[in-house]
Protein chains: 2
Amino acid sequence: MDRAVRHEALEIIAGQAGKNPAALMHVAQEMVETRPQRAVALAIEILAMTPPPSIAAAAAALLKDMVPGWHFVIVRDDARNSAYDRALRRAVTPQSRVLDIGSGTGLLAMMAARAGAGEVFTCEQNAAVAAAARRVLEANGFADRIRLIGKHSSELDLDRDLGGPVDVLVSEIVSNNLIGEGCLPVMEEAARWLKPDGQMIPRAGTVRVALVWSDTAEREAMGMVEGFDLSAFNMLAAAARRYRVGDPKIDIRSSSADLMHFDFRSGGPFRAHEARAAVVADGRPANGVIQWIRLNIDDSILYENRPAPGTESCWAALFYPLPEILERRAGETVHILGTHDRVSLFIRVAAAGETGA
Amino acid sequence: MDRAVRHEALEIIAGQAGKNPAALMHVAQEMVETRPQRAVALAIEILAMTPPPSIAAAAAALLKDMVPGWHFVIVRDDARNSAYDRALRRAVTPQSRVLDIGSGTGLLAMMAARAGAGEVFTCEQNAAVAAAARRVLEANGFADRIRLIGKHSSELDLDRDLGGPVDVLVSEIVSNNLIGEGCLPVMEEAARWLKPDGQMIPRAGTVRVALVWSDTAEREAMGMVEGFDLSAFNMLAAAARRYRVGDPKIDIRSSSADLMHFDFRSGGPFRAHEARAAVVADGRPANGVIQWIRLNIDDSILYENRPAPGTESCWAALFYPLPEILERRAGETVHILGTHDRVSLFIRVAAAGETGA
């Protein structure tokens, strides 16, 4: 059936379903792949009917299945929250027009409004997240002061949606490896929406690396199981594994270095490239490279989640296992190479004599 | 552009790319959404060329991104592996024709072949997993004795693919809540491929529950953050959270009970329904329901991952937080309700006086 015809039929069923939550839930589930915004709206309508528990559970599950779990993790990072709040209080004036890219809970947009911004826009592509963020804005009395736009930033129209360039552009769309959530294309585009003297928060980001030893590095790979050799399956093992930055099993064994730095405010372009960083070995063997991030929230506020026992961060450190144990004398330089294709990042240690980038 | 025309054009480019790994990689990436099997084949071809490291990393990433990480976890569960191996050794004779649903690493199919089965078929829908499983079968000398079919079980043709009904049907496609990987529809269909006296491994599965206390239960929900009330966002919090079964923070506070039992060998039908289980409180407060699974691998071999300090399992226990702390006298009965829609499972505690199912 043609997609438009199918949706028309589903809307007729929804109309006939009226206040029958089970029937509406069926329609919502039929729409979830092709019209997620409408499916979310129906699920919220169903929940408002206080339906039988099994229908309520299904409606709630429809919403929850659309939402990545990290929304619940990032707001617990007090250092992150506080860095953004301080930067926004410094950047914002009553004349400021602010755009927040990626509403999430609405936290950054509310910070901008509380700091006194004259106008605050926030955009969110995920329909379920946008619906929940609207409720948060209402609950905190910001429904009239913050305009939530249910679009991805790439779909924003500068004039129609924002009424022209903005003074402050704030976002938190960086991933464990900085670029995996797609921040580079967004920053390239968003920089053009800023007034010439406008401020971007964060202003820049850096991928940081060091050599490391981890006792648990070998556990991920497959070997002999029940008398069978499964090692051929390791072609599908993830290139990197995540560690909490406070994990005591991360033992850094070199100096730290910047592998890649992105000046978000410049607007790029951030082309795919290979980069190298030189670290100084401490003389102990290493079995991996550990990678973390540093954000220039503004010109003076830094956020860095360098792994160390007892530290916490909403971002994980990524461990890239080396093909074999690396033994270098203390003081010897080791080159770490990184390649990015604007979304993915690959890290390895340069072979002896390899010139790399 | 029409999809077929687009793929024809991409194949022409691939042909011209010849032995140029960068050009082939571009074609593979263009195909990954619409023709994953072909994209996987190209990525494997590229890796065989020992291309520059950045191309090799991209080809490897294309494969790895298609593969869920649990393939690397399940083969470490010795109790699981051993239970399957023992059951297969008992079930299989030289006359046996065996079908393994969901090849994964190929481990269960190799166990069946090692146990002496005359014919072994294994099907795998994921193109990257199927490619890696083929390598494992080759590395272990089973390439000629096990027929790997790159299809989902629902696409198998009983006569053309399997040459008629089989004697033993083995699978491990159960999830933390038993049904989340879609095993129920598969079992309904697969039971019809078995000879009347054929054996299904596992024969049955049970969803088990108990009341529990967890000190970390409250951490998932959002509250006040930087002076803002984010609790409205909890409409998107996951219904359940995962715990390692050996996690010392799981403190079971009632008897255990079967919530739902599925006799896979019966072939169902396994219709969506609500079920209830009665557990006996131990007198201490509870703040959640903990859920785990039991598998009847065959008529005498059981696998159960009931949480207890120091135990391990490749399956996690699922914690369902209660809306408020439940206080019941020791010996009092509490009813736990579960609803499933053949793929999702929702669990809650019955309200006082609620009759439920």
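Below, chains carry the letters A, B, ... as their sequence lines are ordered, and counting in each starts from 1. This one's a predicted model, so the numbers in the text were calculated from it and none came from an experiment.
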Which bit of [X] comes within less than 4.5 Å of chain B, counting heavy atoms only: side chain, backbone, both or neither?
X: A:V129; result: both
X: A:V136; result: both
X: A:N81; result: both

Donor-acceptor pair, [X] side chain versus [Y] backbone, under 3.5 Å?
X: A:Q37; Y: A:A127; answer: no
X: B:N140; Y: A:D229; answer: yes
X: B:E124; Y: B:A130; answer: no
X: B:D100; Y: B:L108; answer: no

As a quick check of understanding, evaluate side chain to side chain contact (heavy atoms under 4.5 Å, CB included) for A:F319 and A:V289, giving each step before the final call. CA-CA 6 Å; A:F319 175 88; A:V289 173; over 6 Å; no
Under a 4.5 Å heavy-atom cut-off, does chain A meet the side chain of [X], its backbone, both or neither?
X: B:I44; result: side chain
X: B:D85; result: side chain
X: B:V225; result: both
X: B:S82; result: both
X: B:H340; result: neither
X: B:F346; result: side chain
X: B:D78; result: backbone

Check ring-ring contact (aromatic ring centres under 6.0 Å, His included) between B:Y84 and all other residues, then give those that pass, not counting sequence neighbours.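 ring-ring contact (aromatic ring centres under 6.0 Å, His included) check on B:Y84 returns nothing, list empty.
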Quick check: do [X] and [Y] have side-chain heavy atoms less than 4.5 Å from each other?
X: B:H335; Y: B:V349; result: no
X: A:M224; Y: A:L230; result: no
X: B:M66; Y: B:V40; result: yes

Please name the residue in the list B:V92, B:I301, B:V170 that meets the side-chain contact (heavy atoms from CB on, under 4.5 Å) test with B:I201.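 Checked B:V92, B:I301, B:V170 against B:I201; only one passes side-chain contact (heavy atoms from CB on, under 4.5 Å): B:V170.
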Within a 6.0 Å radius of atom CZ on B:R80, are there more than 12 heavy atoms belonging to other residues, nucleotides or ligands?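 Atom CZ in B:R80 is crowded, with more than 12 foreign heavy atoms closer than 6.0 Å.
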Within residues 110-117 of chain A, which residues come under 4.5 Å of chain B, heavy atom to heavy atom?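 Expected list: A:M110, A:M111, A:R114.
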Do you know which of A:M235, A:E226, A:R134 has the most heavy-atom pairs under 4.5 Å to chain B?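 That would be A:E226.
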If you count heavy-atom pairs under 4.5 Å with chain B, which of A:T339, A:V75, A:L137, A:D341 comes out on top?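 Of A:T339, A:V75, A:L137, A:D341, A:V75 has the most heavy-atom pairs under 4.5 Å with chain B.
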Counting heavy-atom pairs under 4.5 Å with chain A, which one of [options] comes out on top?
options: B:S344, B:G338, B:A132; result: B:A132
options: B:S231, B:G227, B:G106, B:A232; result: B:A232
options: B:L47, B:V67, B:D65, B:T105; result: B:T105

Enter the distance from B:E172:CD to B:C314:SG here, rounded to the nearest 0.5 Å.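 The SG atom of B:C314 is 6.0 Å from CD of B:E172, to the nearest 0.5 Å.
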Might you work through the side chain to side chain contact (heavy atoms under 4.5 Å, CB included) test for B:N234 and A:F72, ending with a clear yes or no? CA-CA 9 Å; B:N234 289 330; A:F72 290 84; 3.6 Å; yes
